[in-house]
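Values below: all heavy atoms of this structure, side chains included; hydrogens, waters and symmetry mates excluded.
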Amino acid sequence: MNQAATGDRVLVVGAGIVGIACAHYLTKIGLRVTVVDRNVVAGECSHANCGYVCPSHVLPLTEPAALRVAVKSLFNPRSPFRVKPQWSVSLTNWMWQFARRCNNQQMLTAGRHLKAILDSSMSEYRQLIADEDFDCDWRNDGLLYVLLTAHGFDEFAKGDDFIAEHFGLRARRIAGDDLQALDPALKPGLAGAFHYTGDSSVRPDRLARVWTERLSDQGVEFVEQCELKSIVRESGRIKTLVTSKGDMAADHYVVAAGAWSAHMARELQCQIPIQPGKGYSITMDRPDPCPAYPMLFPEHRVGMTPFRDGYRLGSMMEFVGFDTTIPAYRIEQLRASAEPYLISPHTETVHETWYGWRPMTWDSLPIIGQVPALANAWLATGHNMLGLSLATGTGRLLGELMTGTPPHIDAAAYSPSRFARSSRVGVAATN
């Protein structure tokens, strides 16, 4: 491993929230950072998600029921969690590896590693917001999970008990009759809610903008519309990146390109088993009454976040490849899914409809660490649905690993080398 030293140059590929966080922490330890992106800063998955920073999302996607939901979705194009029938060797292998992990033991193991980096990230975010005084709609009033039916409430309560038993995290339970006193925007007659008071929220595009501006003032260079064409290797190292804006060289290279990172697997000589999980959102004017809390509606699999000058509904998980369309029925589905819960669930003035590709790994854990075959290359990707939540913990951990500093959390579970232990089918499918 080639450890980074003060003054070394680092080239970060990917200017989403994870790439921005990496630039922040690498700059703090005295490295000179340039960030390049094929699009614009935070223009893809980091742009218009619901903005949750949520330690409550400790359970991975690889829960026992997930496989049944995925199979059923093959026959229902409108399923909130959908796997589109398609011929794809890499997706087939990904689904096979995912299915193998849909059991309680694997879920608990992954959950423990998720909790470590979720807790780290939350601590780092609180320090960051306090130190930098970012104007980004940061809120510390938790996340409200609202249930429509008694059955839904009881099932969620079982999950809350499970999380409390295994991870020491419990929500404040709120009876249906008390919900309107908590938030008058909620409809009467709901079954109840679970309030995870340790969660926070932020407007992600605003955070990315102010954070990028601050880093630029500190000497970080951001190069937009810069597409990576190829990687030149020499003697077990990256020598140069060939881009649409010319050759770029540095002492160290970090790939933080989200779902696009998988396209670099062959040239990095490394397995990067990521599939794009497509999500959608719609951002509107604030309704009247506007909810006071960010909320999730688990029975309809939709999230809602109020901002000081806007209001967002977001959800869905589609395995449809790098599809660039925004089907009208998906946006209408978001609107309709909020209607059972809110007095005024949406407004007519739409600021933006959006999609983003989440970088989904088959074990629900991010990929953070050195590329096994290249001494000066690193990965910071594969954050699944938690890129915003995990960004700061990722940036701090990456800086520690690059400089040989003892990591503040156990980094082994996130290492890119873990995929080498998977089946040879996985090697063929992801390279």
Side-chain angles (χ1 to χ4, degrees), residues 16-17 42 44-57 80 118 121-122 125-126 129 134-147 171 174 179 182-187 190 193-211 279-317 330-331 333-347 349-356 358 383 385-391:
I17 199 66
E44 295 194 4
C45 199
S46 299
H47 176 65
N49 57 66
C50 283
Y52 305 141
V53 180
C54 44
S56 64
H57 278 47
L118 279 166
S121 283
M122 178 56 83
Y125 264 120
R126 294 193 191 284
I129 297 299
F134 287 150
D135 179 16
C136 58
D137 277 18
W138 177 266
R139 302 171 50 139
N140 283 317
D141 44 9
L143 183 57
L144 201 64
Y145 292 69
V146 183
L147 285 307
I174 304 166
L179 276 179
L182 177 72
D183 196 325
L186 288 165
K187 282 186 172 180
L190 297 169
F194 293 76
H195 187 198
Y196 285 91
T197 57
D199 288 357
S200 295
S201 64
V202 67
R203 179 147 183 167
D205 55 332
R206 190 165 285 150
L207 171 64
R209 184 176 68 251
V210 297
W211 204 353
Y280 301 91
S281 75
I282 177 172
T283 306
M284 299 161 277
D285 276 353
R286 286 167 59 92
D288 185 18
C290 185
Y293 291 87
M295 301 179 188
L296 281 168
F297 309 129
E299 289 166 284
H300 284 79
R301 297 178 181 267
V302 67
M304 179 282 303
T305 309
F307 303 122
R308 66 171 179 257
D309 56 0
Y311 169 84
R312 180 169 294 158
L313 297 172
S315 187
M316 311 300 167
M317 173 65 73
R330 281 303 197 188
I331 301 304
Q333 192 172 353
L334 288 176
R335 291 176 179 270
S337 294
E339 289 173 357
Y341 303 90
L342 298 171
I343 292 172
S344 182
H346 42 74
T347 59
T349 303
V350 175
H351 300 172
E352 182 179 24
T353 57
W354 170 88
Y355 72 88
R358 308 177 185 100
H383 290 79
M385 302 174 69
L386 297 173
L388 181 65
S389 288
L390 300 180

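Distance alone, capped at 3.5 Å, places no donor-acceptor pair between the D183 side chain and the L179 backbone. Listed for the W354 side chain is a donor-acceptor partner under 3.5 Å among the backbone atoms of E44. Here the side chain of R286 pairs a donor or acceptor atom with the backbone of F307 at under 3.5 angstrom.
The NE2 atom of H383 lies 7.5 Å from the OG atom of S121; values are rounded to the nearest 0.5 Å. A distance of 10.5 Å separates OH in Y280 from OG1 in T353, rounded to the nearest 0.5 Å. From S200, atom OG reaches atom OH of Y52 across 13.0 Å, with rounding to the nearest 0.5 Å. Annotation: the span from K187 atom NZ to I343 atom CD1 amounts to 8.5 Å, rounded to 0.5 Å. Residue R209 holds its CZ atom at 10.0 Å from SG of C136, rounded to the nearest 0.5 Å. Atoms CG and OG1, from L313 and T283 in turn, are 8.5 Å apart once rounded to the nearest 0.5 Å.
With R312 as reference, R203 is the one residue of M284, R203, M304 to meet the side chain to side chain contact (heavy atoms under 4.5 Å, CB included) rule.
Classification of the W211-F134 ring pair by plane angle, with boundaries at 30° and 60°, yields tilted. Under the 30°/60° scheme for interplanar angles, the aromatic rings of Y145 and Y196 are found to stand perpendicular.
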side-chain contact (heavy atoms from CB on, under 4.5 Å) between D285 and H351: does it pass, once the steps are laid out? CA-CA 7 Å; D285 276 353; H351 300 172; 2.6 Å; yes
One pair to check against salt bridge (Lys or Arg N to Asp or Glu O under 4.0 Å): D199 and R139. What are the steps and the verdict? CA-CA 9 Å; D199 288 357; R139 302 171 50 139; over 6 Å; no
Hey, mind stepping through H300 and V146 against side-chain contact (heavy atoms from CB on, under 4.5 Å) and telling me if it holds? CA-CA 10 Å; H300 284 79; V146 183; over 6 Å; no
Start with the C-alpha gap between H346 and E339, add the side-chain angles, then the distance that decides, and say whether side chain to side chain donor-acceptor pair (under 3.5 Å) holds. CA-CA 8 Å; H346 42 74; E339 289 173 357; 2.9 Å; yes
Begin from the C-alpha positions of T347 and D288 and carry the test side-chain contact (heavy atoms from CB on, under 4.5 Å) through to its verdict. CA-CA 9 Å; T347 59; D288 185 18; over 6 Å; no
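Between Y341 and F297, the distance from one ring center to the other falls under 6.0 angstrom. Between Y293 and H195, a ring centre-to-centre spacing shorter than 6.0 Å is recorded.
Looking only at atom types and distance, the side chain of R126 has a donor-acceptor partner in the side chain of N140 under 3.5 Å away.
Nearest heavy atom pair, residue A48 against residue S281, reads O-OG, 2.8 Å. For the residue pair I17 and G387, the shortest heavy atom distance occurs at CG2-O, 3.8 Å. Taking both residues in full, the closest heavy atoms of Y125 and A391 are given as OH-CB, 3.8 Å, listed atom of the first, atom of the second, then distance. Among all heavy-atom pairs drawn from L207 and V202, the shortest one is CB-CG2, 4.0 Å. Nearest heavy atom pair, residue C50 against residue T305, reads O-OG1, 2.7 Å. G142 and P294 get closest at one heavy-atom pair: O-CG, 3.3 Å.
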